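Just so it is clear, the structure is predicted and the values come from calculations on it, not from any experiment. Values below: all heavy atoms of this structure, side chains included; hydrogens, waters and symmetry mates excluded.
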Amino acid sequence: KEREIVLEEQILTEEEKKQVEEFSRKIQLEHSTSILQYGAGVQKKMADFSEQTLNRVRTKDMGEVGEMLASIVTELKGFELAEEEKGFFGAIRKKAGGLGKRKIQFAKAEANVDKICELLESHQIQLLKDIATMDKMYEVNKNYYKELTMYILAGKKKLLTVEKEELPKLTDRATLTGKPEDAQTVNDLVNLCSRFEKKIHDLELTRMISIQMAPQIRLVQNNDTLMSEKIQTTLVNTIPLWKSQMVLAVGIDHS
């Protein structure tokens, strides 16, 4: 138990270690209610936080963004294929009627592309907001993890003190006096320690939720980042390149 305490204390600052020591001394095992309520506040916050994270992930639908990106590719390829069917460079050398048809096709494709780009830009803004929110959620989760660790450490320190100091004294006293009430006092303290140990184990399970939450938050955040990067590439590279090629094609037609 002492080794466990030393290992877990490594993540705490000196100030936090002092807070744990002070809090540990104030724990009153003889009060059943205090054992029941020990760490309940941070457990409730962790439960609410888990629900909040789940709702954020549940309402996120990347399918629509993916479909928009796919539709842009389809729109661009569809325009190029229409030209290739006639022979792209062959069409450039055809009569002036081909130029008018090309302009109509380009105007139609451009209108569809611009509409999709507007929607993608709005999605990108939302994704960037979500990425920033996930950073805050990660920090909140980290704080909950540390707070739970401090509760667990304080409880373990209290148990260690009781088992090494208070319980031996009461046991010796009960042995010397032989009184039933002294024996009952020892038995009560043993039962309270057992209950409190279970409560600490319960807090450790809650802390495990926090440990699992950290990579899950980062996973969602990374997915948002990847989708945002794809949108950015489409808006600043793919579309401008396609439009520049259309300008060149129409320019050659004019010539």
Point-to-point distance, once rounded to the nearest 0.5 Å, from [atom1] of [X] to [atom2] of [Y]:
| X | Y | atom1 | atom2 | result |
| --- | --- | --- | --- | --- |
| H123 | I116 | NE2 | CD1 | 11.5 Å |
| T149 | K156 | OG1 | NZ | 9.5 Å |
| I209 | N141 | CD1 | CG | 10.5 Å |
| L36 | R195 | CG | CZ | 7.0 Å |
| D224 | M227 | CG | CE | 8.5 Å |
| T234 | L120 | OG1 | CG | 7.0 Å |

Minimum-distance pair of heavy atoms, taken over all atoms of [X] and [Y]:
| X | Y | value |
| --- | --- | --- |
| G155 | Y38 | N-OH, 3.2 Å |
| A183 | A174 | N-CB, 3.9 Å |
| L127 | S228 | CD1-N, 3.9 Å |

Following the transitive rule for hydrophobic clusters with a side-chain heavy-atom cut-off under 4.5 Å over Ile, Leu, Val, Met, Phe, Trp and Tyr, establish whether [X] and [Y] coincide in one cluster.
| X | Y | result |
| --- | --- | --- |
| I125 | I231 | no |
| L241 | V113 | no |
| L153 | M208 | yes |
| L12 | I211 | yes |
| L219 | M213 | no |

Subject >> Criterion side chain to side chain donor-acceptor pair (under 3.5 Å) against R218, the qualifying member of T225, D135, N223 >> reply: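 Exactly one pass, corresponding to D135.
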Original post:
Would you call E139 and K142 a salt bridge, taking side-chain N to carboxylate O under 4.0 Å as the test?
Top reply: yes
Subject >> Where at least one partner belongs to residues 199-227, residue pairs that pass ring-ring contact (aromatic ring centres under 6.0 Å, His included), sequence neighbours excluded >> reply: none
Original post:
Crowded around K146 NZ? As in, over 12 foreign heavy atoms under 6.0 Å?
Top reply: yes
**OP:** Begin from the C-alpha positions of M137 and M134 and carry the test side-chain contact (heavy atoms from CB on, under 4.5 Å) through to its verdict.
**Re:** CA-CA 5 Å; M137 291 177 74; M134 286 293 174; 4.0 Å; yes
Side-chain heavy-atom pair [X], [Y] within 4.5 angstrom cut-off:
| X | Y | answer |
| --- | --- | --- |
| L235 | Q124 | yes |
| L203 | R207 | no |
| W242 | T238 | no |
| Q184 | N187 | yes |

Subject >> From CA spacing to verdict: side-chain contact (heavy atoms from CB on, under 4.5 Å), L192, V162 >> reply: CA-CA 11 Å; L192 286 170; V162 171; over 6 Å; no
Review item, side-chain donor-acceptor pairs of residues 17-26, under 3.5 Å, at least two apart:
unit_1 : atom_1 : unit_2 : atom_2 : d
E21    : OE2    : K157   : NZ     : 2.9
S24    : OG     : A154   : O      : 3.0
S24    : OG     : K158   : N      : 3.2

Subject >> Under 3.5 Å: donor-acceptor pair, side chain of T185, backbone of E181 >> reply: yes
Original post:
Got a sec, which hydrophobics cluster with L128, joining ILVMFWY side chains under 4.5 Å apart, including via others?
Top reply: I131
Original post:
Should side-chain heavy atoms under 4.5 Å link Ile, Leu, Val, Met, Phe, Trp and Tyr, which residues sit in the same cluster as L205?
Top reply: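 The other cluster members (ILVMFWY side chains, heavy atoms under 4.5 Å, direct or chained): none.
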**OP:** Using the side-chain contact (heavy atoms from CB on, under 4.5 Å) rule, take C193 and L167 through it: C-alpha gap first, then chi angles, then the decisive distance, then the call.
**Re:** CA-CA 10 Å; C193 285; L167 196 56; 5.5 Å; no
Side-chain atoms of residues 39-49: list all donor-acceptor pairs with protein atoms under 3.5 Å, sequence neighbours left out, distances to 0.1 Å.
unit_1 : atom_1 : unit_2 : atom_2 : d
Q43    : OE1    : K199   : NZ     : 3.2
Q43    : NE2    : D202   : OD2    : 3.3
Q43    : NE2    : T206   : OG1    : 2.9
K44    : NZ     : D48    : OD1    : 3.2
K44    : NZ     : D48    : OD2    : 2.8
K45    : NZ     : E147   : OE1    : 3.4

Original post:
Listed by chain and number, what are the side chain to side chain contact (heavy atoms under 4.5 Å, CB included) partners of T177, not counting sequence neighbours?
Top reply: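 With neighbours one apart ignored, the set is R173, K179, D182.
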